[in-house]
Chemist: 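Below is one structure. I have some questions about it.
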Amino acid sequence: MIKRNIGFSNLTAGYLFPEVARRRREYLSAHPDAKIISLGIGNTTEPLPQYIAKAMSDYSLGLATKEGYSGYGDEQGLTQLRERIAEVFYPGIISGDEVFISDGAKCDIARIQTLFGRKVKVAVQDPSYPVYVDGSVIAGAAGKNTGSGYKGITYMPCTPENNFFPDISKIKKNSLIYFCSPNNPTGAVSTKEDLKKLVDFANANGCIIIFDAAYREFIRDENLPKSIFEIEGSRTCSIEINSFSKPAGFTGVRLGWSIVPKELKFADGSSVHKDWNRVMTTLFNGASNVAQAGGLACLDKEGLAAMKGVIDYYLENARLIQHTFEGENFKKMNAQVYFTGNSPYIWVKFPGKKSWEVFDSILDKCRVVTTPGSGFGPAGESFIRISAFGHKEDVEEACKRLADFSL
Ligand SMILES: *Cc1c(COP(=O)(O)O)cnc(C)c1O
């Protein structure tokens, strides 16, 4: 018989969100009439702006005509969209042929591991978006879980004590470094000075940074960098992953992009851009043309304004949640609230408590679903993440219930 991919046998425990869903179901079966509000999973809730939906609808109807029909497109994406992304998000620093359009950021994170194979060393922020670690384990780039993390992965704690920027001196030479800013789950955004340190370290130590900027459009502080490519020296050590999911509500539509600069090289001097082009043309067959029509609409004047409106809505929810967790009842629990105003996540520490304990208590007493911080890595223990993705009236109701919560 065929042997199981060892990566799968190395994977431990369930993925975080299925466990959250299981506890929610369990609560519901005991309290069938409970009206549960979910501020857990980072899934968008607000309708697409009409303007953007109409662009996709028009394109779809066009497909039913001789003039409007198209089959396979370029695997790297529509030239017009690649150029528009470069122009809007990376003016003067990235060219259209360095942009690769995809079916989303998570899928790119999975595919990118084929570039580096099983022997690559991996470093991640702790806590972090689970796919960096779980994907590395499945790809065979990490070993067994020792209880404090997987062998072969360097965990870099990001905590209030270090202002959520890790000690990068712990990273081994020639590592792949996953870095997410604004961060999921902590909401922290790294400054230009911090990212410059990271880029200098990567260049000096043969590392490549995989920079996940999925929440860049939530950044409202103009001094904070929205892309790794705003940092000098980044073109020789960085790849950026991004997505229309969070800014445009394309979580179901599916559209993302990656940036691989032409200067980026492997140890033997060969081009990473060339191999990534090969991965995208060989293993991927191009993003949906309907979704790409939607992406183009997102990036003209009207679309950009519409996207900003949706993000403003979520940021307002986030403020409400922040104020609730800063209330007197939470002060009595010594809860510490971290929110910068530049992300949809509020990160709250309950000193001396376990994340799942706080999760269960909030679910039980307030019928509100959050996400336990420990699910994002060992350094997330004692924290919970509250997501601002939700209808305003639900967020208001959740905040009302939380206002007299006690553990
Ligand atoms: C939601 C999320 C993604 C996933 O994006 P898709 O394009 O929907 O696959 C990627 N990175 C982070 C950090 C996310 O939170």
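Each ligand, and each atom within it, is numbered from 1 in the order the structure gives. No hydrogens, no waters, no symmetry mates; every other heavy atom, side chains included, goes into these values.
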Chemist: Below 4.0 Å from ligand 1: does a non-hydrogen atom of F244 turn up there or not?
Modeler: no
Chemist: What residue and atom, counting heavy atoms only, is the protein's closest point to atom 12 (C) of ligand 1, and at what distance?
Modeler: D212 OD2, 3.4 Å
Chemist: With sequence neighbours left out, what residues match E302 under salt bridge (charged side-chain N to carboxylate O under 4.0 Å, His left out)?
Modeler: none
Chemist: Heavy-atom distances under 4.0 Å are what count here, so tell me which part of S245 touches ligand 1: side chain, backbone, both or neither.
Modeler: side chain
Chemist: Checking the N or O distance criterion of under 3.5 Å, is ligand 1 in contact with A105?
Modeler: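 Such a contact does occur with ligand 1.
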Chemist: With heavy atoms of R254 as the reference, note each atom of ligand 1 found under 4.0 Å away.
Modeler: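 Selected atoms, number and element: 6 (P), 7 (O), 8 (O), 9 (O).
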Chemist: Could you note down all residue pairs passing salt bridge (charged side-chain N to carboxylate O under 4.0 Å, His left out) where residues 196-210 supplies at least one of them, sequence neighbours left out?
Modeler: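 As it turns out, the salt bridge (charged side-chain N to carboxylate O under 4.0 Å, His left out) pairs with a partner in residues 196-210, which skip direct neighbours, are D194-K197, K196-D200.
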Chemist: For the residue pair S258 / W276, report whether a side-chain donor-acceptor contact shorter than 3.5 Å exists.
Modeler: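 Looking only at side-chain atoms, S258 and W276 do form a donor-acceptor pair, the distance falling under 3.5 Å.
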Chemist: Heavy-atom contacts with K106 under 4.0 Å: which atoms of ligand 1 show up? List them by number with element.
Modeler: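 Near K106, the atoms of ligand 1 are 6 (P), 9 (O).
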Chemist: Is the F389 ring parallel, tilted or perpendicular to the Y345 ring (thresholds 30°, 60°)?
Modeler: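 Because their plane-to-plane angle is over 60°, the rings of F389 and Y345 count as perpendicular.
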Chemist: Could you work out, for atom 4 (C) of ligand 1, the closest of F389, Y129, Y178 by heavy-atom distance?
Modeler: Y129
Chemist: Do any nitrogen or oxygen atoms of K246 lie less than 3.5 angstrom from nitrogen or oxygen atoms of ligand 1?
Modeler: yes
Chemist: Please check if the side chain of T236 supplies one atom and the backbone of E263 the other of a donor-acceptor pair under 3.5 Å.
Modeler: no
Chemist: Going by atom types alone, do Y215 and N183 pair a side-chain donor with an acceptor below 3.5 Å?
Modeler: no
Chemist: At under 4.0 Å between heavy atoms, is it the side chain or the backbone of F250 that contacts ligand 1, or both, or neither?
Modeler: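 Under 4.0 Å from ligand 1, F250 contributes no heavy atoms.
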Chemist: Using a strict cut-off of 4.0 Å, indicate which atoms of ligand 1 neighbour a heavy atom of S243.
Modeler: 5 (O), 6 (P), 7 (O)
Chemist: Say whether Y59 and S70, considering side chains only, have a donor N or O and an acceptor N or O under 3.5 Å apart.
Modeler: yes
Chemist: Can you find a side-chain donor-acceptor pair between T251 and S245 that sits under 3.5 Å?
Modeler: no
Chemist: Looking just at side-chain N and O atoms, do E98 and H273 make a donor-acceptor pair shorter than 3.5 Å?
Modeler: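 Result is no, nothing qualifies.
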Chemist: What residue and atom, counting heavy atoms only, is the protein's closest point to atom 15 (O) of ligand 1, and at what distance?
Modeler: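 Nearest neighbour among protein heavy atoms for atom 15 (O) of ligand 1, to 0.1 Å: Y215 OH, 2.5 Å.
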Chemist: Less than 4.0 Å is my threshold; does some heavy atom of T251 fall inside it relative to ligand 1?
Modeler: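 The answer is no, since T251 has no heavy atom less than 4.0 Å from ligand 1.
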Chemist: Suppose I only count heavy atoms of C180 and a 4.0 Å limit; which atoms of ligand 1 are within that range?
Modeler: 13 (C)
